[in-house]
Amino acid sequence: MLMYKEDEKKNTGRFPAIAGALSVLLGVYFWLTLGPLFAQIFLKFTIEDPILKAYLVANAPFFSMALGLLLSLRFLLRTTPKAIITDKAKPDWTLMLLCGAAYFGLAVLFTLGHALVQPQYFHPSPSTEAEILRMLPFVLIITPIQTTSEEFLMRAIPSRIFRKGRLVTKSRSILWVSLFTALLFTLPHLSNQEMLHANQKWAVLLYYALFGFGGTFLSLHTRGFEPSLGIHAANNLYIALICNYTNSSLPSRSLFISTAPVGTYLDVLQLVLGLGAVALVLHKSKAFSPLAS
């Protein structure tokens, strides 16, 4: 077990690079080994709603990921989730909600525009109102757990291994760390259904890489990962609640279903606009920190 000085153990977020790397590996190990076991447990549950059961099975591995990350925080990093989320005195939850709302709102507007141009691709959900309401609390609880676990594993902890647990502050360092997390975010998503059924595979690769890069780049400029936490949760909640699509990796009972081609540069455009909306919020709220060049 790694040992620390007493003043470095009090939730400061400082930890050696080796501890950060081992924490990521532990999270991946729990995700890939215990994840399938968690999914098997949900498969054995007697759940009449097949979509709800599919949603629980698809998200089950993230519970094992979260467990691995919690153990790593306790025994390897010797710190708290707060210290991983931000270098500020405390997490800015308002900023996280504002960024999530901006991204979510842009997604709504983009979908409305797409539906006006190509209405043949958008259909009301075949689910009943009761089925949607029954699934709602599961989505509101489980989806943020899923997205936060991914954020810790693929963005927040890896971003901290370069400066002993602190966030980089120089512009060049931010660029390189953002590129690093873009790679980390892209690789695990290559097995997603979206990649398998993509109309344009390079568009899907670009989408994942940009999602990994953009969330980190914006967050590091605010000295915390509140923006990326909000963006990721908003993205997946929008898919699960508002408009899902055929061949989705995250089945749900959303209000609408899109049968438009999956994995196109139109998706990349939506992401760029969404990140732009978040950047505007950060600019208006003066959340960007002055950084060294």
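Values reported hereafter were calculated over all heavy atoms of this structure, with side chains retained and with hydrogens, waters and symmetry mates removed. Quick note: residue numbers are just sequence positions, from 1.
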Please determine whether the number of non-hydrogen atoms from other residues, nucleotides or ligands lying under 6.0 Å from atom CD of Gln120 exceeds 12.
yes

In terms of heavy-atom contacts, does NZ of Lys201 have more than 12 from other residues, nucleotides or ligands at under 6.0 Å?
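Buried by this count: over 12 neighbours within 6.0 Å.
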
I want to check something: taking the side chain as every heavy atom from C-beta on, are [X] and [Y] in contact at a cut-off of under 4.5 Å?
{"X": "Asn235", "Y": "Ile239", "answer": "yes"}
{"X": "Thr111", "Y": "Phe122", "answer": "yes"}
{"X": "Thr169", "Y": "Leu220", "answer": "no"}
{"X": "Met96", "Y": "Ile85", "answer": "no"}
{"X": "Thr143", "Y": "Tyr55", "answer": "yes"}
{"X": "Asn236", "Y": "Gln146", "answer": "yes"}
{"X": "Ser254", "Y": "Tyr245", "answer": "no"}
{"X": "Phe180", "Y": "Ser159", "answer": "no"}

Presence of salt bridge, Glu226 and Lys88, under 4.0 angstrom
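Salt bridge between Lys88 and Glu226, a charged N being under 4.0 Å from a carboxylate O: yes.
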
Salt-bridged, Asp87 to Arg160, with N to O below 4.0 Å?
yes

Does either side chain, that of [X] or that of [Y], offer a donor lying less than 3.5 Å from an acceptor on the other one?
{"X": "Thr181", "Y": "Thr216", "result": "yes"}
{"X": "Ser252", "Y": "Asn244", "result": "yes"}
{"X": "Asn192", "Y": "Tyr208", "result": "yes"}
{"X": "Gln200", "Y": "Thr264", "result": "no"}
{"X": "Glu194", "Y": "Asn247", "result": "no"}
{"X": "Lys82", "Y": "Thr80", "result": "no"}

Which is it for Leu190 and Thr186 under the side chain to side chain contact (heavy atoms under 4.5 Å, CB included) test, yes or no, and what are the steps along the way?
CA-CA 7 Å; Leu190 294 180; Thr186 301; 4.1 Å; yes

Exercise: identify the closest heavy-atom pair between [X] and [Y]:
{"X": "Val281", "Y": "Ala102", "value": "CG2-CB, 3.5 Å"}
{"X": "Met135", "Y": "Ile51", "value": "CE-O, 4.1 Å"}
{"X": "Pro61", "Y": "Ala58", "value": "CD-O, 3.5 Å"}
{"X": "Gly215", "Y": "Ser219", "value": "O-OG, 2.7 Å"}
{"X": "Gly20", "Y": "Ile161", "value": "CA-CG2, 3.7 Å"}
{"X": "Phe225", "Y": "Ile84", "value": "CD1-O, 3.6 Å"}

Connected via hydrophobic side-chain network under 4.5 Å: [X] and [Y]:
{"X": "Leu32", "Y": "Leu153", "value": "yes"}
{"X": "Leu271", "Y": "Met195", "value": "yes"}
{"X": "Phe110", "Y": "Leu275", "value": "no"}
{"X": "Val57", "Y": "Ile145", "value": "yes"}
{"X": "Trp176", "Y": "Ile174", "value": "yes"}

Please check this pair: side chain of Lys53 against backbone of Phe45, looking for a donor-acceptor N/O pair closer than 3.5 Å.
yes

Main-chain N/O of Arg223 paired to Thr86 side chain as donor or acceptor, under 3.5 Å
yes

Assign the ring pair Phe211 / Phe185 to parallel, tilted or perpendicular, where the plane angle (0 to 90°) is split at 30° and 60°.
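Because their plane-to-plane angle is under 30°, the rings of Phe211 and Phe185 count as parallel.
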
Measure up the Phe217 and Phe213 rings against each other and bin them: parallel (under 30°), tilted (30 to 60°), perpendicular (over 60°).
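Correct class here is parallel.
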
Just do the side chain to side chain contact (heavy atoms under 4.5 Å, CB included) check on Leu56 and Ile142 with the steps written out, would you?
CA-CA 9 Å; Leu56 293 174; Ile142 294 175; 3.5 Å; yes

Measuring from [X]:[atom1] to [Y]:[atom2], what's the distance to the nearest 0.5 Å?
{"X": "Lys90", "Y": "Asp92", "atom1": "NZ", "atom2": "CG", "value": "9.0 Å"}
{"X": "Leu22", "Y": "Phe75", "atom1": "CG", "atom2": "CZ", "value": "15.0 Å"}
{"X": "Leu136", "Y": "Glu131", "atom1": "CG", "atom2": "CD", "value": "14.0 Å"}
{"X": "Phe63", "Y": "Ile41", "atom1": "CZ", "atom2": "CD1", "value": "11.0 Å"}
{"X": "Leu255", "Y": "Cys243", "atom1": "CG", "atom2": "SG", "value": "9.0 Å"}
{"X": "Lys170", "Y": "Leu175", "atom1": "NZ", "atom2": "CG", "value": "14.5 Å"}

Validation row, ring centre [X] to ring centre [Y] under 6.0 Å:
{"X": "Tyr265", "Y": "Tyr207", "value": "no"}
{"X": "His232", "Y": "Tyr103", "value": "no"}
{"X": "Tyr238", "Y": "Phe104", "value": "yes"}

Give the intermediate values and the outcome of side chain to side chain contact (heavy atoms under 4.5 Å, CB included) for residues Ser23 and Leu76.
CA-CA 7 Å; Ser23 296; Leu76 284 173; 3.7 Å; yes

Go through the steps for Ser173 and Phe162 under the test side chain to side chain contact (heavy atoms under 4.5 Å, CB included), then give the verdict.
CA-CA 9 Å; Ser173 298; Phe162 298 96; over 6 Å; no

